Amino acid sequence: MEKFIEHPFIKENTAEARIYQQVLAADVLKKGNTMIVAPTALGKTLVAVLVAADRLKKNKGSKVLILAPSKPLAIQHEENFRHFLNVKTTSITGATKPDERKKDGMILKLFVQHHKQSNQIYLMEDMILKMYLFLFLMNVIML
């Protein structure tokens, strides 16, 4: 009989309880920055899901930003996070129209200022964040 992870932010019966993934997630939460090197399909994304869920639980109303080096990977992560979590999840890539990026206000505002909005996960192409940071530093956009 399969056991599933029980967590307020993880959808019921979606995340199989595998000890090695739970240990990795606990290590990340305890130690901070961590690099996980494992073959494809061994559950690195689920470790990230577990870490994100724990952070959102401990920090009410917080947000999680996950950077991906490409549009396909950002979208793949968004799909995985949506599958496992019952939290609003949004991907922002180079294909996201500027008007759509502004729907909830400037992207940087979401991370720089504290908002009393619900928990949310953003999956973003790293170049988009670099662009916003550059424009912000050059005073082209203002928060």
Side-chain angles (χ1 to χ4, degrees), residues 2-29 31-138 140-143:
E2 293 178 2
K3 290 184 88 176
F4 292 93
I5 294 172
E6 294 179 19
H7 189 282
F9 290 116
I10 296 178
K11 292 177 184 173
E12 194 174 315
N13 299 328
T14 58
E16 254 185 80
R18 295 188 178 143
I19 292 175
Y20 72 92
Q21 291 170 323
Q22 292 171 302
V23 168
L24 285 169
D27 282 349
V28 171
L29 291 164
K31 298 175 185 174
N33 292 335
T34 303
M35 180 185 289
I36 299 172
V37 180
T40 301
L42 279 184
K44 296 181 292 292
T45 301
L46 185 58
V47 172
V49 166
L50 295 174
V51 170
D54 192 74
R55 296 290 303 198
L56 293 173
K57 180 182 175 190
K58 289 180 180 171
N59 302 293
K60 304 282 188 246
S62 65
K63 296 173 183 27
V64 173
L65 171 64
I66 298 174
L67 298 176
S70 67
K71 174 185 167 189
L73 191 56
I75 291 169
Q76 178 185 349
H77 286 325
E78 177 188 17
E79 290 168 356
N80 285 321
F81 274 73
R82 280 190 178 163
H83 171 75
F84 290 114
L85 296 176
N86 53 17
V87 174
K88 185 176 177 187
T89 304
T90 306
S91 67
I92 302 163
T93 69
T96 307
K97 294 177 181 154
D99 290 347
E100 291 177 34
R101 291 184 207 152
K102 293 180 183 178
K103 278 183 186 173
D104 294 321
M106 289 292 190
I107 298 301
L108 289 178
K109 189 182 278 189
L110 296 170
F111 304 106
V112 175
Q113 295 179 357
H114 179 72
H115 288 270
K116 293 182 179 181
Q117 297 174 342
S118 61
N119 294 319
Q120 187 161 356
I121 295 183
Y122 291 91
L123 299 109
M124 186 182 294
E125 233 180 312
D126 60 353
M127 289 304 295
I128 298 298
L129 182 61
K130 289 177 187 175
M131 177 195 71
Y132 271 99
L133 289 172
F134 174 77
L135 293 173
F136 173 70
L137 292 172
M138 298 302 292
V140 174
I141 60 172
M142 300 180 72
L143 296 178

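Every heavy atom of this structure was used, including side-chain atoms; hydrogens, water molecules and symmetry mates were not. Owing to the predicted nature of the structure, the values given are computational and were not obtained by experimental measurement. Residue numbers run from 1 in the order of the sequence given.
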Undergrad: For Ala74 and Thr93, which heavy atoms make the closest approach, and how far apart are they?
TA: CB-CG2, 4.0 Å

Undergrad: Any side-chain heavy atom of Val49 sitting closer than 4.5 Å to one from Phe81?
TA: yes

Undergrad: Sequence neighbours excluded, which residues qualify as side-chain hydrogen bond (donor to acceptor under 3.5 Å, both in side chains) partners of Lys3?
TA: none

Undergrad: Would you indicate whether Lys71, at its atom NZ, is surrounded by more than 12 heavy atoms from other residues, nucleotides or ligands within a distance under 6.0 Å?
TA: no

Undergrad: What is the minimum heavy-atom distance between Ala52 and Ile121, and which atoms define it?
TA: CB-CD1, 4.1 Å

Undergrad: Side-chain donor-acceptor contacts of residues 33-42 below 3.5 Å, not counting sequence neighbours, with atom names and distances?
TA:
| unit_1 | atom_1 | unit_2 | atom_2 | d |
| --- | --- | --- | --- | --- |
| Thr34 | OG1 | Gly32 | O | 2.8 |

Undergrad: Report yes if the side chains of Val51 and Val64 come closer than 4.5 Å at any heavy-atom pair, otherwise no.
TA: no

Undergrad: Let me confirm one number: the CD1-CG distance from Ile128 to Leu123, rounded to the nearest 0.5 Å.
TA: 13.5 Å

Undergrad: Any idea which heavy atoms bring Glu16 and Ile5 closest together, and the distance?
TA: O-CD1, 3.9 Å

Undergrad: Do you know which two heavy atoms are closest between Leu46 and Ala15, and how far apart they sit?
TA: CD1-CB, 3.9 Å

Undergrad: Let me confirm one number: the OG1-NE2 distance from Thr89 to His83, rounded to the nearest 0.5 Å.
TA: 12.5 Å

Undergrad: Quick check for you: to the nearest 0.5 Å, what is the distance between Met124 atom CE and Lys130 atom NZ?
TA: 13.0 Å

Undergrad: Would you indicate whether the side-chain heavy atoms of Lys11 and Phe84 approach each other to under 4.5 Å?
TA: no

Undergrad: Could you label the plane-to-plane angle of the Phe9 and His7 rings as parallel, tilted or perpendicular, counting under 30° as parallel and over 60° as perpendicular?
TA: tilted

Undergrad: In Å and rounded to the nearest 0.5 Å, what is the OG to NE2 distance from Ser91 to His77?
TA: 11.5 Å

Undergrad: Could you measure the distance from the OG1 atom of Thr90 to the CD atom of Gln120? Nearest 0.5 Å is fine.
TA: 4.5 Å

Undergrad: For residues Pro8 and Lys57, determine if any side-chain heavy atom of one lies less than 4.5 Å from a side-chain heavy atom of the other.
TA: yes

Undergrad: Hey, could you give me the OH/CG distance between Tyr122 and Leu67, rounded to the nearest 0.5 Å?
TA: 13.5 Å

Undergrad: For residues Ile10 and Leu50, determine if any side-chain heavy atom of one lies less than 4.5 Å from a side-chain heavy atom of the other.
TA: yes

Undergrad: Please report the shortest heavy-atom distance between Ala53 and Leu85, naming the atom on each side.
TA: CB-CD2, 3.9 Å

